[in-house]
Protein chains: 2
Amino acid sequence: EEVAKLLELKARLGGGDDGKHQFVLKTPKGTRDYNPKQMAIRERVFNTITRCFKRHGAETIDTPVFELKETLTGKYGEDSKLIYDLKDQGGELLSLRYDLTVPFARYLAMNKITNIKRYHIAKVYRRDNPAMTRGRYREFYQCDFDIAGQYDAMIPDAECLKIVHEILSELELGDFRIKVNDRRILDGMFAVCGVPDDKFRTICSTVDKLDKLPWQEVRKEMVDEKGLSEEAADQIGEYVSLHGGMDLAERLLQDPRMSQSKQACAGLSDIKLLFSYLQLFQVTDKVVFDLSLARGLDYYTGVIYEAVLTQAGVAPVALASNDAQNGSEESVSVGSVAGGGRYDGLVGMFDPKNRKVPCVGVSIGIERIFSIMEQRAEAAAEKVRTTEVQVLVASAQKNLLEERLRLVTELWNAGIKAEVMYKKNPKLLSQLQLCEEMGIPLVAILGEQELKDGVVKLRVVVSREEVDVPRSDLITEIKRRTSDV
Amino acid sequence: EEVAKLLELKARLGGGDDGKHQFVLKTPKGTRDYNPKQMAIRERVFNTITRCFKRHGAETIDTPVFELKETLTGKYGEDSKLIYDLKDQGGELLSLRYDLTVPFARYLAMNKITNIKRYHIAKVYRRDNPAMTRGRYREFYQCDFDIAGQYDAMIPDAECLKIVHEILSELELGDFRIKVNDRRILDGMFAVCGVPDDKFRTICSTVDKLDKLPWQEVRKEMVDEKGLSEEAADQIGEYVSLHGGMDLAERLLQDPRMSQSKQACAGLSDIKLLFSYLQLFQVTDKVVFDLSLARGLDYYTGVIYEAVLTQAGVAPVALASNDAQNGSEESVSVGSVAGGGRYDGLVGMFDPKNRKVPCVGVSIGIERIFSIMEQRAEAAAEKVRTTEVQVLVASAQKNLLEERLRLVTELWNAGIKAEVMYKKNPKLLSQLQLCEEMGIPLVAILGEQELKDGVVKLRVVVSREEVDVPRSDLITEIKRRTSDV
């Protein structure tokens, strides 16, 4: 990080003396390269996530990185200002995708697909002010899983939560909590608390700040800035402090005020049903019905959820940041790592006849997870292998390049991951050092004597043990020795 | 294809009667979505390619989809007009990457890396006029493998060709040919044929057309449009008709005219050396030294190569297009599927002190390969599975949703890929149809009797065979039955 900054500074000041190279040597603001070590970690995380999505029977699709500008228009509310537009170079007006959900809805409408379970792992773009140390970027990956189709209530919704539970457990990121609420419960609550209809959205976005601000400040914003009555604010305050499980949903269904809202009752009944399925899925240990959860995006219509990591220990990044100073005594939230909900109206927005396709989905925000895994690998001084090479073909003597190339060809043709140094006469020591450095477990050493005897000296790098293996047995022997690595 | 066009037309005409949905429902020009079937094929191709890159010990990196505009400036010659720029929204001027080579060179210079073997599979962007039926798009994947570092001549270069050979063989795309030449041989040839220095580039780009035009037309362009003397053109004509192997390089080293060029001799010696390594790598059957090969990009400094598929039968797409009408009697080339070469100067362009890092690499152009594979799957009416689900948890009776959810949870928790229909009481028939449709091999059927007996009825979809399996043995039994699928 530091080094990159210094390099950037240096480049900015202009290193060259011929004036030709005065450009800035950097990646665009809010973006980064992934080096091989980071890619190895990323691959591990993606494999875990993909395996989970596939275990649940999802297909995958891909869409272009940009869409017609009008496809994205009117889907993100205030956040639309964060969309990257392409320059008008003649032809269509294009924008980089902001998420994977809107392109998914466009895909369904365009192809008249009414049911599918799909995942999509790809980069999205937001011209936000990045906090890169906390894993927030302008270009970042989303891993989305969505179920589209007319099904019986809450079964697909419950599966989305099961998936979040499986992924966060398998990634071993420490303890986590999945908060659940329902857009209809929020709207019903606002109605019974006396919030005017035209203030639902703006009050909702104030409630959304409760994960960062204490209630008193949120209340102040409602009353002072948004002109809500003190009485209404206090009633909301009572509700949004509630969290629990199925029992809380039952209690609220009996609540004299809340039960007056049909909408709220529909939401509460669904929460009850959801929890009954979550019990069967064995994931209720991490799921909390939390009335303060209010996700921002316009397109949600029913259940919404968000997963947060609660174990401070796993995220030294967040602790080192300013956020931690606002953290309470209890568990410090390192922010959302997954979120989603039901959006039954979005596909209809793209359909000429406004035909609806009910959808529910979840998006795993992978960059924060990467940050944690990276930090952890560094902290543990873990040796992350960046290649899978099983054997280096080496020689201690000169003039054996041809023999090395012949042997490495045999290995490649047999499907063995093998390398050879691109030198005519490399020293044995530098060949062994390469193995140490790259974590290559075996060396196949050729010399005049071995060639004469029709053998190869196979050396185990860690133990320094050496055995002569008949050339004809070499492939079997390497496969045997690397299968249990 | 047809359907998409009609849909687009319909959307353009405006399907809605409320005037609200008058937008065009399509992807941007020159781009496409990948549906699950296409993704399944794509995944297979990527796996083959990645496996090969890893077998040769490559690490992988990733770079942002856009770069600072100035990073791309001056690297692509005339093709620069095809670069997508982002709109100036305040801040930096950005462009979408045009290939993966320039970002790689920027990455090396920025991180002061002097040797690495890396692959990078990602999308690149060109505002070209797409011929989508022939697999040419504005957004398309490149699969790049490059070796950077100061090594002994031609060893990494030969490995790049070995890799192309392995990948094209494994993908079973039919016969292919890898043409090889050297930028220094071309330049030397131009010099000894009397081409003025300032015409090297433009004459080179005319030579590059020889894979599409007959010699007479190429000659005409040289003489009439580019003002080359007839004598020089005829001398070039003699050379560019030559192709062969190591023997041709040897002959040209003795050629009275060619041998006058130091540059050409250096190139020819390297071609000889290259072929000696290619023999050891067992790939000379497909490699041809072809003096008419002249790749366009400015940054090549040494050996260049290009792979073409030569079997007409594998590419009905190309045959159906206008191209085929120009095709000769012999094998019809369906165009280049891979290309690359040595570029020793590019990294230095990014280094303030102009320190060079020698590089050689190859780029696999995957879209054309997808097109062929897709067409082939369609022609063979091949059933492409889009999920990997091993078992559907089903029931013939009503009111067993809970039991189905309980069982599918057991399977998921054991790592088995399983699904359940999102209905309270689905019909057995529709559950079995789902299996047929998605290619799910097994059904685990629950009923009152099975629950009482502590068993599950396991049905093999293809054979309709059914056996009762004790619940405690179910996971083992499913794993046993699907391991050999």
Side-chain angles (χ1 to χ4, degrees), chain A residues 7 11 15-16 21 23-25 27-29 31 33-36 39 54-55 57 59-68 70 84-87 89 91-92 94 107 109-110 123 127 139 151-152 155-156 277 280-282 350 352-353 386-389 402 405-406 409 412 417 419 422-424, chain B residues 7 11 15-16 21 23-25 27-29 31 33-36 39 54-55 57 59-68 70 84-87 89 91-92 94 107 109-110 123 127 139 151-152 155-156 277 280-282 350 352-353 386-389 402 405-406 409 412 417 419 422-424:
Chain A
L7 281 174
H21 299 290
F23 55 76
V24 182
L25 197 57
T27 62
K29 185 181 176 192
T31 69
D33 296 320
Y34 284 81
N35 66 33
M39 286 299 279
K54 286 188 173 178
R55 191 161 58 236
E59 306 176 288
T60 186
I61 67 161
D62 193 19
T63 64
V65 80
F66 42 61
E67 293 277 344
L68 296 185
E70 60 187 331
Y84 277 98
D85 293 327
L86 268 72
K87 191 168 160 186
Q89 292 171 291
E92 301 161 331
L94 307 174
Y107 173 83
M110 189 170 136
K123 287 174 175 175
R127 295 182 59 255
E139 172 185 63
Y151 298 118
D152 282 324
I155 313 177
Y277 295 146
L280 296 168
F281 286 157
Q282 302 171 13
F350 289 107
K353 290 189 177 141
T386 56
T387 75
E388 298 168 10
V389 176
E402 295 205 354
L405 295 185
R406 221 188 290 278
T409 303
W412 284 333
K417 293 164 196 153
E419 274 192 297
Y422 303 126
K423 299 263 179 195
K424 277 190 190 155
Chain B
L7 282 174
H21 299 291
F23 54 75
V24 183
L25 196 58
T27 61
K29 185 181 176 191
T31 69
D33 296 319
Y34 283 82
N35 65 33
M39 287 298 280
K54 286 189 175 178
R55 191 161 57 236
E59 306 177 287
T60 187
I61 68 162
D62 194 20
T63 65
V65 80
F66 41 60
E67 295 277 344
L68 297 185
E70 60 188 331
Y84 277 98
D85 292 328
L86 268 72
K87 193 169 158 185
Q89 293 171 292
E92 302 161 330
L94 307 174
Y107 173 84
M110 189 170 137
K123 287 173 175 177
R127 297 182 60 255
E139 173 186 63
Y151 298 119
D152 282 323
I155 312 177
Y277 295 146
L280 296 167
F281 285 157
Q282 302 171 12
F350 289 106
K353 291 192 178 141
T386 56
T387 76
E388 297 169 10
V389 177
E402 296 205 353
L405 295 185
R406 222 188 290 278
T409 302
W412 285 333
K417 293 164 196 152
E419 273 193 296
Y422 303 125
K423 300 264 178 194
K424 277 189 188 154

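Letters A, B, ... mirror the listed sequences (proteins, then strands); counts begin at 1. None of the values given here were measured: they were computed from a predicted structure.
- Salt bridge annotation for A/Lys123-A/Glu139: present, with a cationic side-chain nitrogen under 4.0 angstrom from a carboxylate oxygen.
- Using a 4.5 Å cut-off between heavy atoms, B/Glu92 touches chain A through its side chain atoms alone.
- When each of A/Arg406, A/Glu402, A/Gln282, A/Arg127 is checked for heavy-atom pairs under 4.5 Å with chain B, A/Arg127 comes out on top.
- For chain B, the option among A/Lys54, A/Lys87, A/Gln89 with the highest count of heavy-atom pairs below 4.5 Å is A/Gln89.
- Listed by chain and residue number, A/Tyr151, A/Asp152, B/Pro426 satisfy the side-chain contact (heavy atoms from CB on, under 4.5 Å) test with B/Lys423 (two or more places apart in sequence, or in another chain).
- For A/Leu405, the parts sitting under 4.5 Å from any heavy atom of chain B are the backbone and the side chain alike.
- In this structure, CG on A/Asn35 lies 12.5 Å from OG1 on B/Thr63, to the nearest 0.5 angstrom.
- The candidate with the highest count of non-hydrogen atom pairs below 4.5 Å against chain A, out of B/Leu280, B/Val389, B/Thr387, B/Thr31, is B/Leu280.
- With chain B as the partner, the residue from A/Leu94, A/Val65, A/Asp62 showing the most heavy-atom pairs under 4.5 Å is A/Asp62.
- Interatomic distance, B/Lys29 NZ to A/Leu68 CG, rounded to the nearest 0.5 Å: 12.5 Å.
- Annotation: salt bridge (Lys or Arg N to Asp or Glu O under 4.0 Å) contacts of A/Lys417 (sequence neighbours excluded): A/Glu388.
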